Each structure stands twice: as C-alpha cells, then as structure tokens.
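The block underneath contains the structure these notes are about, expressed in structure tokens.
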There are 2 protein chains.
Amino acid sequence: MEAIVQGGPVSRASISKQTGLSKQTISEIVRQLEIDGWVRETGRTSGHIGRTAVTYELVPDAAYIAAVDLGGTKVRVAIVDLTCQVFAEDVAPTDPRGGPAVVDQIVSMCFAAAKTQNIARDRIRLAVIGAPGAPDDRTGRILLAPNIAGLDTMNVAAALEKGFGFDVMLENDVNLAVLGENWLGQGQGIDNLAYIALGTGIGGGLMVGGNLVRGASHAAGELGFLPFGSDPFEPESLRSGAFERAVASGGIIERFRAATGKTLGVPAIFDLASEGDASALTVLDDTARLLARGIGAIAVVANPQKVILGGSIGLRPEILERVKTFLPQCFPYAIDVEASQLGARAAIIGAAAIGLGHLHNTLFGADTPDSRISLPPANTVTLREVAR
Amino acid sequence: MEAIVQGGPVSRASISKQTGLSKQTISEIVRQLEIDGWVRETGRTSGHIGRTAVTYELVPDAAYIAAVDLGGTKVRVAIVDLTCQVFAEDVAPTDPRGGPAVVDQIVSMCFAAAKTQNIARDRIRLAVIGAPGAPDDRTGRILLAPNIAGLDTMNVAAALEKGFGFDVMLENDVNLAVLGENWLGQGQGIDNLAYIALGTGIGGGLMVGGNLVRGASHAAGELGFLPFGSDPFEPESLRSGAFERAVASGGIIERFRAATGKTLGVPAIFDLASEGDASALTVLDDTARLLARGIGAIAVVANPQKVILGGSIGLRPEILERVKTFLPQCFPYAIDVEASQLGARAAIIGAAAIGLGHLHNTLFGADTPDSRISLPPANTVTLREVAR
DNA sequence: GTTATTTAGTTCGGTAACAGAACGAATTAA
DNA sequence: TTAATTCGTTCTGTTACCGAACTAAATAAC
C-alpha cells in the first residue's frame, strides 16, 4: 500500500501497475483498508479513454504523530497527521532542571499543542524525540548529552511512554535533521547525504546508501573531534574536540580576539565583516577553510553526493560562499554544498519522517526490502503554520 | 536454506527449529535440493533421546568461484568451492600492458589454476575481481586506477565475462579486504568495521550496519585525501593527497631524509629503528601519530567498532604498538585497532565472500532482509594451500 | 525384556497471498 | 452506432507455507 501513501488520489488499476500486483489483489487490499478506516474514496478519474476509475486516498487524520526537537536551550514540538500536515507547533525554553522535568515538559507541550487544534489524545499514535547525544536503545538513556542534565541517569524512553501512553522513539537530533533534508529538503532523492550543524558546537548527520549512519556506539557524526583545526594531542582537544574548538563560535570569537584584542559575539563579528573589517573577514575566511576541510574529511570517508549546512553559523551565506571557494582548493573532486532551506525545522521534519515511516510500516505491514523509510513524496506534503 | 549453508552436517528438524519453518516445509525443500544435486546425506545423529535424524550438508564441489585480487604490481587468483575451500591459487606480476592484456591474463590464470586441480571449466560459476579504484557498474569500466593502464577505457566486466563464459563481479580491492576481515578475519561478527591498507599508498574500506560503504561515486575510503598531514591547499596535495604524502612510504622516506640527509627505503628505516636509531624512531613515531589521527577521523564520521590495519606498512608491529599509544592521546574514546592476520589474502577472501553470497542467493532464491552477505561461518571454512 | 518418553519424519488437509483468464461496465474515438 | 480502451469483478488456479495427526526410531525407566 505504499502506492497509496506515495501519491495523492490514486486508482486501484494505477496501484496495480505501479506495484506489479494483480488488479484483484489490489481490489481486495483496498477494500480491507477502507473497512478499517485508513483509506477513503475521493472521486473518479475523467478525461481519458476507457472506463473511469474510482480514486482513493489515505485518511489523513486517522492518526497523528508528535514530533519533538529537544535542544539544550529550546524544545520544539509539532503534531502532524499521516500526510505530514502540521496541525500544531510550539517552541519553549528547555526546562533547566533536566531529567524528569524535561520529560514532563515534552509531554505537556505536545498535549497542549494537540488541544489547540481539538485533536484528541487517543488519535496520537507515536512520538519521535530528537535529542542531542546518543540515545541508547537498550536502556532508554540518552548518553553524551552534557547540555541537558539527568538524561543519562534515567530511562527517558520509558518515562516518555508512560507520560504519553503510546510508543516513543528516540534519535539523535542531527541524524533527524539529515533525514528531514533527505525527505523534504535539498537532500531529496539522495542516498548518500551529509548534514553539518555548525553553531555553538558542531555535529554531523550522515546517510549512506539511503540508511542513517549511527555507528557502533551511536557516536557517528561527532565532528568536533576531527583531528585538525587545533592540536588533537592537547588535553583541551580531548575534552571538547580539536575541530570544534577552532570552527565553532568559541573558536571564531577567539581568533577575532587574538587579532584585535576585542571580545565580540559571533553576530557582531559577521556585522563587522559585512562592513569590510579586515580582521573579521580573515576570521570568516579561516572558519570557512576549516569547514571546507571538515567537509573534505567526511567526503574522504563516506563520499556523500551532497553536504547540507545548518546551525546558526552554518546557515550564514557568508560561510557558504567562502566554503564554495575554498573546498575546490583542498579537495580533488566536486562536492555539492548547500545551506539548508528547512533551517531550524529540519529535525522536526526528520522526526515526522521517522514517525510516519514507522507508523506506515506497522499499520500496513509493509515489508520494505531494506531499512529505508518509506514516506509520502514531498509534493503531497504541506507544512502549515498555526498561530500559537 | 541458509541453515544448511550456515552449518556443517545438519538435520531437517534442526533446520526447522533454526528457521521457524515447519518440518514438512523443510523436508520438501531439502528433497528438492538433493534431487538437484546441491545437498547430500552425510549420516545420522546419535547419542540422544528420540529418533535419530538424517543429516545433510552442502555438496562442496557443486560449483566453484574464481576470486581475483588485481593490484598494480601483482595479480592473485584463487579457485574456491562452495565452502570456500581453496583448491588452487596463483600469483603473478600484473601484465604491464594493461587493458585487454590484463583481462586475458586474469582469465588464463584462473583456468590454469583450475586445471592443476582437474576442475572442469563448466564447474566454475562466477568470478569476483577486486581491483584498485572505482568499478563503474553501468559501464563496466574501472575508474581512478592510475596504476594499471587501460581499465578506464574498456568495459572490463564485459571483456572478463566474454573470456570466462560466466558472470563476473567487480569491486574495489580494499572494500574486498574489509569484507574478508569481516568474514574470516578479526572483524567477524562486527557490523561497523574499518580497514586501512597502508603501504605505497593508503586506502580504506568501511562497513556500516553490516553493509559496505561505497559512496555516491564509489569514492568512499580514499583516505589519502584526508585534509591533514600536509597542507591540503597545496597543489601537490590536490594531486596525490595531503595525508598520503605524509603517512605512506614516500612520506616516511622523505621525513627520514630530511632528518638525516640519507635516502633509504622503508624496510631499511624500520631496521634502523629496531637498532635504536633516534631519527628512524622519530619517523616511526610521526607515522603512527598521523595514522592515529587518520583512524580518529574515520571514527568521528562513522564510529567503527574496530579498525584493522593491512598493507606492507600497516602490518608492521612497530606501527601498531605506536598507534595504540598515540590514539588515546588524540581521541576521546577507545577504538579497537588490530593488525590483520589475513594479511595479503584479505581481498581474495573478501572476493570469495561476495562470490559465495551471490551464488548462494541465486541458487537458493534466498531473500535476505537486507543486503548483508550470508556466508558459511568461519569454523566450517578451511583455507588449504595447494602446491603450485 | 517391556513400557514410557522423546525426537524425527511423513501424510493429509488447509490457509494466505497472490495470479491468469474471462467477461461485464463505462468511457472516448471514429 | 460500433470499435477501442481501460476499470473492476468473478472464477479458478498456483505456490509456499502450516496444524494436526500419526508412524518411526532412539534412550530412559522400571
């Protein structure tokens, strides 16, 4: 029934052709789905030779998914239906107490958002939570997430499932971002895709052969520890990452301070650069050179077709244009690099992607030939803002 | 029928338990395989309560595979049976004319090796060729292989299939090596595995989630272009790789020459180091530090559980012990690093692995849930040398 | 030695997930 | 109006399994 998910109104004969299954088989399956309430008739085709066909579509509000992007400073939630239409969305500062307080915050924000649209709680079937660090499937803990207290000492997944009353999936937030780009962003249709989030820190998400790369201990993409930018053998590099020290906002501020004696924030340094300040321009150049090298390192290992930049610094056009200048100077073949158009919403969209794929699979018993996520195509999806 | 492949003599009831299929289904399948000549009875179980069972095994010589490791200087071929027993093996210098001459050389070496064991040509069902560079599935060419002339201007796959008279598969040689390690080497049972071949040059093979990483243009693993070791913005680095210039044999020789004024080959430098020569020891230390950083870079992107070192330099114990010292100094968490025990044979074994997996799949119509290769377990496999 | 228990293997009849063939239904084209 | 095309249903069939029941053949217990 991927054919119904994959397209808008569709006839049974059309599904038969797309899937190679016989018309009688498709008729039977669609009959059952209609009885169960998952699909409905939308009308008939017209304007072509031959008998007109009855068209069917997925019933969008048969179920909803809660998508959450949990960050060290903010938490963003959204309620989406089976066609990924966003019915409710909210952003709030992350509860600084961490642990159970954050769990409670997530649950109540989701249910509050649903309530603003009169979506009953029992229509929400699944929640997907993107969080910094490495979610541990076996223990339900979130490891390597120093920005939020208490998540590595409790079973976050179980607590969320208890609070929500339905299934919860945890995933790294940058991994969700690359999924979101792959689904609705500039990474559509690309099986080998990298995403770099550069801001206060730096992290990466990677898809290889259409699959997310998590790694043996879910530590893939910890780009801050690339062994260049500063001396990787220094103790400070072991703690916070040789590359992150140099390329993220702290490194930018430090390089500007070393050149000018002044301590400014990153936005102010970008402002000075746009006014032609020589030191600021040099700092941006050095940042972009480092980022180009980081992109080269990813390309050497995994050969992505495209690299998408996100994060407060990664989204800056000044950085992208410089990276495009420097990358060909330090890497032997062309790599497509773009700034994310989804921006801060990439992870939410990725969460919705995982949730929809999971829900579709469990509802329709789909047996995908690999672990690729099967989703509606981008042109059937609308992202509708709602007033908060 | 993976159960038969996966174990030695096995009873139908045992297969039924392993696979969850019913006894009657298994009986029927085994009957058909026996009729077709793929399996045969080996005897009966004994010494347990209940009826004794008839045991079956794969008929090893029902088919053979030709495994080939094509390098710039040598070509190594092997003929293996369905249990990966090596019946014939040969090594020869690669024909320097390249192109069609190399194709002819491969074909004739394989058939000659088979003839030494009286294996009829029509018993060989498949050839797997590992070559440097990037095999292009669409055109049958091998790109990025400067060491062997003419492979990027002809359809190598088609020429080999014409010469052999059966199917041919092409794959990158380092990718085959990591597969070999994953199957019969120290990477057994590891889904996230990296292999580094360091000698005249450097290359990497990577498995993520049990799958080979080839990348968008099959350029994954070109470790020579990691952006450190030397300045990646220098034109020479763009040509031959900033990292490769520094860490491979050319870089070792150059660093020793710069320190001593003498030009020696790599083996001689290692000899001097074992005699306590301070400059030679420093050169080895620097090489290992660079290699440790390279391992760190792979770990940052893909988080492998283990890294296996191969190649003439990578196999040196002096390098491994230094890498183990330096890696914890520049990377925040432990990575298991080992020197390959398969050594120069890793790629041949990987070729046999791919060939066997492919053959098993086509013969038994196996529908694996993902693209993992299904192979006999290591303990049923013998690598038997034959006199040449 | 006989009986009880356990495990292997076969037979019989059945289900689920499809499919080919045929044909009626409903539209446009000639 | 007829011909051609496409949709959808009915009827019958195939394949890849399965449960239930039973026979066969071994060890364990008495």
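Note that the structure is predicted; figures quoted are calculated from it, not measured.
When the C1' atom of dT10(C) is taken as reference, atom CD1 of Ile15(B) falls 16 Å away, rounded to whole Å. Taking atom CD of residue Glu41(B) and atom P of nucleotide dG9(C), one finds them 9 Å apart after rounding to whole Å. Taking atom CZ on Arg51(B) and atom P on dT10(C), their separation rounds to 7 Å, with Å as the unit. One interatomic measurement links the two molecules: CD of Gln18(B) to C1' of dT7(C), which rounds to 16 Å at whole-angstrom precision. To the nearest angstrom, P of dT10(C) lies 14 Å from CD of Gln32(B). Between Arg12(A) atom CZ and dA25(C) atom C1' there is a gap of 13 Å when expressed in whole angstrom units.
Side-chain N/O atoms of Ser46(A) and Thr52(A) include no donor and acceptor closer than 3.5 Å.
As judged by a 4.0 angstrom heavy-atom cut-off over every strand, Ser22(A) is placed among the base-contacting residues. Contacts of Glu28(A) with the nucleic acid, taken as non-hydrogen atoms under 4.0 Å apart, are absent.
Between Arg40(A) and Glu34(A), no side-chain nitrogen of the basic residue sits less than 4.0 Å from a carboxylate oxygen of the acidic one, so the salt-bridge criterion is not met. Between Glu28(A) and Arg31(A) a salt bridge is recorded (basic side-chain N to carboxylate O distance below 4.0 Å).
For DNA chain D, the contact window with chain A, defined by any atom under 4.0 Å from a protein heavy atom, covers dT5(D) to dT10(D) in 5' to 3' order.
When the side-chain nitrogen and oxygen atoms of Lys17(B) are compared with OP1 and OP2 of dA8(C), one or more of them lie within a distance under 4.0 Å. Within the structure, every side-chain polar atom (N or O) of Arg44(A) is placed at least 4.0 Å from both OP1 and OP2 of dA26(C).
Along DNA chain C, the nucleotide closest to Thr52(B) and the one closest to Gly20(A) are compared, and the more 5′ of them pairs with Thr52(B). Nearest-nucleotide positions on DNA chain D place Ala53(A) closer to the 5' end than the other of Ala53(A) and Thr25(B).
Heavy atoms from other residues, nucleotides or ligands lying under 6.0 Å from CZ of Arg123(A) number more than 12.
A donor-acceptor pair under 3.5 Å links the side-chain atoms of Glu161(A) to the main chain of Val168(A), judged by distance alone. Remark: the backbone N or O of Ala53(B) is paired with a side-chain donor or acceptor of Thr45(B) at under 3.5 angstrom. Remark: the backbone N or O of Thr55(B) is not paired with any side-chain donor or acceptor of Ser11(B) at under 3.5 angstrom.
Candidate nucleotides dA29(C), dC18(C), dA8(C) were compared by shortest atom distance to the side chain of Ile49(A), and dA29(C) ranks first.
One N or O donor and one acceptor, one from the side chain of Gln24(A) and one from the base of dG20(C), sit under 3.5 Å apart.
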